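Presented below is the structure to which this report refers.
For the numbers below, each heavy atom of this structure counts, side chains included, while hydrogens, waters and symmetry mates do not. Sequence lines set the chain letters: A, B, ... in the order given, protein chains first and strands last, and positions in each chain run from 1. Please read all numbers here as calculations on a predicted model, not as lab measurements.
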Number of protein chains: 2
Amino acid sequence: MSESSRKILSDNNVSVTNPRILVLEALMESQNPQTIDDLQKKLENKVAKSTLYRVLGDLKKINVLHEFTSPDNITVVELLLHDTEHHHHLFCGDCGEIIDVSLSNEFEKLLSVEIKKIERKFNFQINDHRVEMFGTCTDQCSNCK
Amino acid sequence: MSESSRKILSDNNVSVTNPRILVLEALMESQNPQTIDDLQKKLENKVAKSTLYRVLGDLKKINVLHEFTSPDNITVVELLLHDTEHHHHLFCGDCGEIIDVSLSNEFEKLLSVEIKKIERKFNFQINDHRVEMFGTCTDQCSNCK
DNA sequence: ATAATAAATGAGACTTATTCTCATTTATTG
DNA sequence: CAATAAATGAGAATAAGTCTCATTTATTAT
């Protein structure tokens, strides 16, 4: 675990420091997206707040981290490693849980056709996309009772 | 214009006040999503900051307003009126412009099939969705030179 | 291994978006 | 038109995120 966080850093030519290793390990503890608050709790003040934000910025720069905002306006962060497959997000409006979901290849193929149309129509170069789905978990979400 | 903002409010059983009318009119001035800052400029201090936020909250509650966050973490807001068709968003990473886009019926149909699958798989009830596309406008965006 | 140098960190001050409070004003209704 | 409940304005309070700068740590060339 510690090994692979070191590797992520050195492979991307950023220096291997303790705070960076700790943040990566905290991020690796769960596969679904997590909030800054979640991270701070896991890190137990072993990394200064300013450093945490800086490290997250560094990880974004080397494309290892994706940051976005939940519908209730909370910043959320998730690791994007080589083996992370392309995915989308499902948001629970009751408990705030965010779940990674994959959609069928057939769908993804049609979506990329649509995206090419949009690129032409608006003279854009589109390099990423995501489908966000909003709803409520009907009974078995881990946070809702 | 003033007429229809009054109608939106009374149709939704919220009292018709000046700040609410002014905010609705400012929102109606552009069809693409706009920032809180854009709104404040249009309102020229005719509505207090605290009231602006409150009114936006009221409009969200009656489902007339949709609020979301741009990739550079700026809160953005757009009117959702009866005649607003279902659409998605295209973000320019250079100038921050956000453009409403529609996708083909064929695509939307396949997407709703996918969504039904996700609902079953995760025991969710999904009531909204949006496709976000990220890129850069290659030459003719109004804000980029 | 070590010293020199450049980069990263910690601590806390600072900024800025949003929310809250409470005294005053406005809209609704009967 | 008066009574009452709701909405507003002004500015204080909060909280997320950024910035500064003195100190520490990692890298590298010897």
* To do: Heavy atoms only: give me the nearest His88(B)-Val131(B) pair and the separation to one decimal.
  =>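 Distance-wise, the nearest heavy atoms are ND1-N, 2.8 Å.
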* Looking only at heavy atoms, what is the nearest atom pair of Ile118(A) and Ser102(B), with distance? ->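 For Ile118(A) and Ser102(B), the tightest heavy-atom pair comes out as CD1-O, 4.0 Å.
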Atom pair distance, as rounded to whole Å: [atom1] in [X] and [atom2] in [N]:
| X | N | atom1 | atom2 | answer |
| --- | --- | --- | --- | --- |
| Asp58(B) | dA27(C) | CG | P | 15 Å |
| Leu9(A) | dA7(C) | CG | P | 17 Å |
| Asp37(A) | dG17(D) | CG | C1' | 13 Å |
| Leu56(A) | dA8(C) | CG | P | 15 Å |
| Lys60(A) | dG17(D) | NZ | C1' | 10 Å |
| Gln40(A) | dA16(D) | CD | P | 8 Å |
| Leu22(A) | dA8(C) | CG | P | 16 Å |
| Asn12(A) | dA7(C) | CG | C1' | 17 Å |

* **Pairing of Asp58(A) and Arg54(A) as salt bridge, 4.0 angstrom limit** =>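 No salt bridge links Asp58(A) with Arg54(A).
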Below the 4.0 Å mark, does [N] have OP1 or OP2 next to a side-chain nitrogen or oxygen of [X]?
| X | N | answer |
| --- | --- | --- |
| Ser50(A) | dG10(C) | no |
| Tyr53(A) | dG17(D) | yes |
| Thr75(A) | dG17(D) | yes |

* Val76(A) and Leu56(A): same hydrophobic cluster, using ILVMFWY side-chain contacts below 4.5 Å? ->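 Shared cluster, no.
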* For Gln34(B), which of Glu29(B), Glu78(B), Lys42(B) qualifies under side-chain hydrogen bond (donor to acceptor under 3.5 Å, both in side chains)? ->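 Per the side-chain hydrogen bond (donor to acceptor under 3.5 Å, both in side chains) rule, the option paired with Gln34(B) is Lys42(B), out of Glu29(B), Glu78(B), Lys42(B).
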* Side chain of Arg20(A) (C-beta onward), nearest among dG10(C), dT8(D), dA8(C) ->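 Selected nucleotide: dA8(C).
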* Asked: Taking for each residue the nucleotide of DNA chain C bearing the nearest heavy atom, is the 5' side occupied by Lys49(B) or by Asn18(B)?
  ->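 Here Lys49(B) is the residue nearer the 5' end.
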Any base atoms under 4.0 Å from [X], or only sugar-phosphate, or nothing? Heavy atoms, all strands.
| X | result |
| --- | --- |
| Ser15(B) | sugar-phosphate |
| Arg54(A) | base |
| Thr17(A) | sugar-phosphate |

